[in-house]
Q: 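Attaching a single structure in C-alpha cells format; questions to follow.
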Amino acid sequence: MANYVEAVFETIYRGVTLDKQVWLSRGTTWKQVHRQAKGELKPLPEYLLYVPAIAIFILISRFLYERYVALPLGRYLKVSERKATPAEPNAVLEKAYKLNSNPSEQLLIGLSKSVDKPIRVVERWFRRKRATYMPSQMRKFQEGSWRFLAYTALLIFGSCIVPNKAYWSNTRLCWEGYPNFSIPLDIFWYYMVEISFYVALTASQFVDIRRKDFKQMFVHHVATLSLLLIAYSVNYFAIGSMIMFVHDMADPLLELAKVIGYTPKAGNGRTLKQTFGDICFICFMLVFFYTRLYLFPTHLIYSSWYEMLEILGKGKPWPMWVFVNCLLLVLYVLHWFWSYQIVRVLRQSIIAGKVKGDVRSEDEGSSHDEDETASASNPTPAVSPPASSSHSTGRNGHSAHGRGNQRR
C-alpha cells in the first residue's frame, strides 16, 4: 500500500515539478509522510474523493435553503423584492453604455447633445441602466443569511476542535515530530468540510452577486484552497487547521450585520435593529483586525516562516516552503486591503453619523432606482451596514455594515 501511495504522489507531483524534493524538506520521503499503520489516519489521496461529494451537498443545501427557507423568511420580514425601474430604450445611450457604464461629466455633456436631452435626464438614464443589473434586497438577504449560517456552523465546528489542540498554544508542535504525524479524526473531518466549503465558494462565486472585490476574493479563495490542499498533501494538518479557524472567526459577524441591514427600517429615528447591526459591525471590525492583522502574521506566518524552516529544513529552505509562505503573504496583503476598506467605511460613517455600508458592494450601485432616493447622487459606496436603508449599494474576506451599504 505504501508503495502504491508513493507511486500515485510521484506521478502527480513529478508531472508538475519533476522533483519530489520540491514538495518535501530534505531527508523526508513520501513513504514517511503517508505510511499508515493500523489505527492511524494519514492524508492519503483517495480520501480527497470526499471533497466533491461534500461540496455538491453544500451547494444543494444552499439552493434549498435560499429557495424554501430564506425567501419565505425574507417575505415575512418584509424584505424588498422590488427591482429597479428599467431605463427607456435609446439606441445611442445603449451603445455608449456598452463602452462605458459610468461616463464622465464631459461624456455626459456630449451624449446629451447627441440625444437632445438635458444632462440630468441622461445621467438618470445611466443610473437606471446600472441599477437594472443590481440584485434586489431579497436576493442579497438570501445569500447573506446562507453565508451567516454556513460561517457560524464552521466557526462552531472549529471552536470545538482547534483550540483544544496543543499546537494552538505552542506552534512549534506543528513541526516537531514531523513527518510521523497521524491526523486526529476530528481534524480530518474539519479539513474535509472546510476544503469542500472553499471549493463550493469558489465555484458559486461566478453566479453569486458580483462585487467590487471579485478579483481579490477569487485570488483569496484560490490561495486559501491551495494552502489547504498542500497542507493536506504533505501532512501539515496542524498549521492548516489553524489557518482555517483564524479565517472563520470574523465572517459570521459580518454576514449577520449585512442581513440586518437588508431588512426594512421600522419607523423614523434610530431603532434597536440599527443599534444591534452597528454593534455587530464594530465587533466584526475588532475581531477582523485582531485575527487577520495580528494573530495571522504573529502566529501562523511566523511559525511557517521561522519554525518550519528551523525544525524541518534545519535552516535550509526548499521550494515548497517558499511557495507556502508566498501564499500566506498573498493572504496577508489581502487582509490589509480589506482592512483599508473597513477603515474607510468607518471614517465615512463617523462623518455621516452612521455606518455607511458594504465595503464589498456590488459594482455599480443599488438594486433600487437611484433616482427615487436622496442618496442617488452617490451610487457606489463601499461596505454593507447593519442597519442599511432600502437603498443599499454596498460580499467573503470582508466588509462592514451600517445604515447605508458598503463592504469588504
Side-chain angles (χ1 to χ4, degrees), residues 58 60-85 131 133-156 204 207-211 250-284 345 349 354-362 365-370 372-375 381 383-396 398-408:
I58 290 173
I60 293 175
S61 299
R62 173 180 175 175
F63 172 79
L64 295 175
Y65 168 82
E66 290 186 357
R67 187 181 183 111
Y68 298 108
V69 178
L71 182 60
L73 177 62
R75 287 172 175 169
Y76 174 78
L77 295 174
K78 296 180 172 55
V79 176
S80 175
E81 298 181 62
R82 184 166 64 90
K83 298 289 289 184
T85 304
Y133 299 100
M134 291 298 102
S136 66
Q137 293 293 88
M138 178 63 80
R139 178 69 191 95
K140 291 189 282 187
F141 175 85
Q142 290 174 280
E143 182 179 304
S145 62
W146 159 255
R147 291 182 184 277
F148 167 68
L149 292 178
Y151 291 142
T152 301
L154 289 174
L155 179 59
I156 293 173
S204 65
V207 296
D208 286 344
I209 299 170
R210 191 180 183 94
R211 295 178 171 87
D251 290 332
L253 289 168
L254 171 64
E255 296 301 334
L256 178 59
K258 292 178 65 180
V259 168
I260 293 172
Y262 298 145
T263 58
K265 178 181 176 181
N268 298 320
R270 187 165 190 80
T271 65
L272 181 62
K273 183 200 79 166
Q274 290 172 299
T275 301
F276 181 62
D278 290 347
I279 292 173
C280 286
F281 169 64
I282 293 171
C283 291
F284 154 75
V345 169
S349 302
K354 60 182 181 180
V355 179
K356 281 292 248 189
D358 186 355
V359 171
R360 305 192 51 244
S361 62
E362 291 73 29
S366 167
S367 59
H368 300 302
D369 187 351
E370 294 166 307
E372 298 176 7
T373 67
S375 57
V383 186
S384 204
S388 68
S389 65
S390 62
H391 177 77
S392 294
T393 61
R395 155 184 140 62
N396 220 278
H398 295 279
S399 44
H401 232 42
R403 285 191 295 278
N405 239 352
Q406 279 185 315
R407 176 187 171 187
R408 186 178 6 170

Q: Working to the nearest 0.5 angstrom, can you tell me the gap between S136 OG and Q142 CD?
A: 7.0 Å
Q: To the nearest 0.5 Å, what is the distance between CZ (F148) and CZ (F141)?
A: 11.0 Å
Q: Verify whether one side chain among S145 and Y262 offers a donor that lies under 3.5 Å from an acceptor in the other.
A: no
Q: Within the 4.5 Å heavy-atom criterion, are K140 and Q137 side-chain neighbours or not?
A: yes
Q: To the nearest 0.5 Å, what is the distance between CH2 on W146 and CD1 on I58?
A: 7.0 Å
Q: Nearest 0.5 Å, what's the CG-SG distance between L254 and C283?
A: 12.5 Å
Q: Return the OG1 to NZ distance between T263 and K78, rounded to the nearest 0.5 Å.
A: 12.0 Å
Q: Check C280 against I260 and note the closest heavy-atom contact, atom names and distance.
A: SG-CD1, 4.2 Å
Q: With a 4.5 Å limit on heavy-atom distance, are the side chains of E66 and R139 in contact?
A: yes
Q: Can you tell me how far apart CZ (F281) and CG (L253) are? Round to the nearest 0.5 Å.
A: 11.0 Å
